[in-house]
Amino acid sequence: MEPEMGRTEPADRNDQIIVIDDHLLSVERVRDPYPYFRQLQEHDPVRWNERYRSWVITRYDDVAACFRDLRLSSDRITPYRANRDGGERHELSQVLDVLSGWLVFKDPPDHTRLRRLVQKAFTVKTVERWRGRIQEVVDELIDELTPESTTDIVREFAYPLPAIVIAEMLGVPPSDRDLFKGWSDDITALVFGAMDEPDRHERAAAGMAELVSYLSGLLEEHQHSEADDLMGSLVAARDDDDALTADEVLATCVLLLFGGHETTSSLIGSSVHALVHHPDQLHDLMTDPTIIGPAIEEFLRFDGPAKVSVRMVRESFELQGRKIRSGERVFLVPSAANRDPRRFRDPDRLDLRRDDHAHLGFGGGIHYCLGAPLARVEAGIAISSLIRRLPGLSIPDPASLQWQPTLLSRSLRSLPVAFDRVEPAP
Amino acid sequence: MSATPRFKVRADRTRCAGTSQCVLAHPYVFGTDASGFVLVKHDHVDDVPALREALDMCPTQALSLVDAETNEVLYP
């Protein structure tokens, strides 16, 4: 489209000269999305992606501002429901009922009330109390590893760890642990949108039904006792006279279980991956384990799990000369923002001693990741323990690594590693 | 006679994620700037238990309570 002479109105759609295609999940961009994001940042920072019928926003300042802009709605469920035909709506009905109770899909004032109550039950202090138990679970999982052949550190370690921890925090007995892995997988497939799995709707529906039914039973027990676990705290949370309803506790538990699983697994996987590829940084962290806190922030910035965050435009606004209209969809891209050279010096370099931790890996504003404190503690203990206890950690076949072909998250399918031996836990 | 306040509230704006949880918990002490980041409106407080509750609600631990004279961090 040729701009009109003397036009003062902002451009409607793309009229850039550089040709940029709109594939977000090509093989190359699933493996390494960063060069493409940099291209967007430089040439079309607020891009209309026709393929996804969404705006793609990639510069740090824009993404950060949009996270805090209430003209952007987080309710992706209502429009999704409206677009489905009858049959599918029925099949997914229960899944959508639960999802629509999730904080992540709510706007104020509903969000404000719910987040405040849930936040009361899930504070940094709550998480700190679990530090010892998390270390035990980490050590147990590492004890099981053997150095004989390659070990998939995602499947054997990064994947089970967050599921075990959040299940225990909620009050799920250890004997029921494995049930959760399956259900969480099924629901993950829907929410993270693994496009290469055509039956994901059915499996998500079945998984959700079983999970909700199980948690309802657990909730009933919690309502008759004052259990000192997270489900107990959710039941007990009060804001004046207000409290969470049973459905809200259930939806939140599903959210915690699910959110505490996939994303933290991905963070641990990508952190190990980054460390093995940066031996100088690995050496630095092994020599000075006290930098683990800043190191985790840098892993979140450098190659964290939050690739894209979806918002719906509630009220039209302008950004970088583009008109973004009510009803349109927006992709905020933390993965791009976190490597924006306008914000971070030498952004493509992994530097565990970087002192700028303002990455958007946990989002920002009212929807800032509720589980961030837990993810930080889990990933910190996990990475510290892995590098201490698995000397000679390496990735024998880096060329064969595959990332999940998903839009929203960046996650290794598997991470086969080799190591010399398993050192005993200290 | 009004006693010199012993406690002061401090906010580390580099850690603030703009969740506004502190504002909801203690609107007298906390507010936000135009970008949604925390501002301490009244930094001298007497009601420490209520303030501690507000500090606990911050998911990034951007807030602390310090000794008004020595600046020593008293909480968290």
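Below, chain A is the first sequence line, B the second, and so on; all start at residue 1.
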Answer with yes or no whether the side chains of A:D107 and A:S73 bring together a donor and an acceptor at under 3.5 Å.
yes
Among A:G365, A:A358, A:G363, who wins on heavy-atom pairs under 4.5 Å with chain B?
A:G365
Rounded distance (nearest 0.5 Å) linking atom CZ of A:R116 with atom CG of A:L244
12.0 Å
Please determine, by modelled atom types, if A:T123 and A:T126 share a side-chain donor-acceptor pair under 3.5 angstrom.
yes
Please work out which of the three classes, parallel, tilted or perpendicular, describes the rings of A:H367 and A:H111, given edges at 30° and 60°.
tilted
Those residues at least two apart in sequence (or on a different chain) that pass ring pair (Phe, Tyr, Trp, His ring centres under 6.0 Å) with B:H26 are none
Bottom line for B:C58: the part with an atom under 4.5 Å from chain A's heavy atoms is backbone
Winner by heavy-atom pair count (cut-off under 4.5 Å) against chain B, out of A:F67, A:F362, A:Y368, A:F122
A:Y368
Quick check on A:K125 against chain B: is it the side chain, the backbone, both or neither that has a heavy atom closer than 4.5 Å?
side chain
Winner by heavy-atom pair count (cut-off under 4.5 Å) against chain A, out of B:S20, B:G36, B:P59:
B:P59
